[in-house]
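Heads up, the thing below is written out as structure tokens.
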Amino acid sequence: MSLLNAPSNSSQTTSGPGSTSATPAPALVQEKKRKYHLSASRDPFFAELRDLNFASVGKRLNKTARRLDEDYNVYKVRMCLP
């Protein structure tokens with residue numbers, strides 16, 4: 001049995017104490033998600049991360065996240081000032 005696929009109704013027709021209904025739980029229903037294909041030509045940050053050593057990717061992501069947070073905080077301050 002796979003966690004990604006809901007069990008079929010024919011294999012879940014047991015009865016007795018502790019048995020569950022044959023209908024799949026809402027959490028097991030597969031959702032259609034949009035796939036995003038990354039490419040270095042459209043995303044320069046991806047090109048930079050792609051060429052880094054795996055040990056340095058976390059540091060680079062952290063540095064970029066902190067810069068974005070700081071930029072956002074400056075933007076919020078500017079928008080709140082009269």
Side-chain angles (χ1 to χ4, degrees):
M1 178 190 308
S2 173
L3 294 176
L4 298 178
N5 297 325
S8 65
N9 289 342
S10 62
S11 66
Q12 293 293 325
T13 57
T14 61
S15 62
S19 67
T20 60
S21 64
T23 59
L28 294 177
V29 176
Q30 291 182 351
E31 298 177 7
K32 290 186 177 182
K33 295 183 180 180
R34 186 173 178 170
K35 293 183 180 181
Y36 295 98
H37 297 284
L38 299 174
S39 70
S41 62
R42 289 185 284 158
D43 190 357
F45 186 65
F46 174 70
E48 183 180 336
L49 285 179
R50 181 190 62 191
D51 296 334
L52 286 177
N53 184 341
F54 187 74
S56 358
V57 170
K59 292 176 187 176
R60 182 65 178 128
L61 287 173
N62 187 299
K63 182 179 176 182
T64 303
R66 289 182 187 271
R67 183 187 55 82
L68 288 172
D69 187 50
E70 181 63 29
D71 291 348
Y72 179 69
N73 289 335
V74 168
Y75 169 77
K76 280 194 326 187
V77 168
R78 286 184 183 169
M79 294 303 291
C80 293
L81 292 177

- From K59 NZ over to K63 NZ, what is the distance, rounded to the nearest 0.5 angstrom? 11.5 Å
- Item | Spacing of L68 atom CG and N73 atom CG [to the nearest 0.5 Å] | 11.0 Å
- Heavy-atom side-chain contact between V57 and R60 under 4.5 Å: no
- Item | Hphob cluster co-occupancy, M79 + Y72, side-chain heavy atoms under 4.5 angstrom | yes
- Item | Residues clustered with F46, ILVMFWY side-chain links under 4.5 angstrom | L38
- For R42, enumerate each residue passing the salt bridge (Lys or Arg N to Asp or Glu O under 4.0 Å) test, keeping only those at least two apart in sequence or located in another chain. none
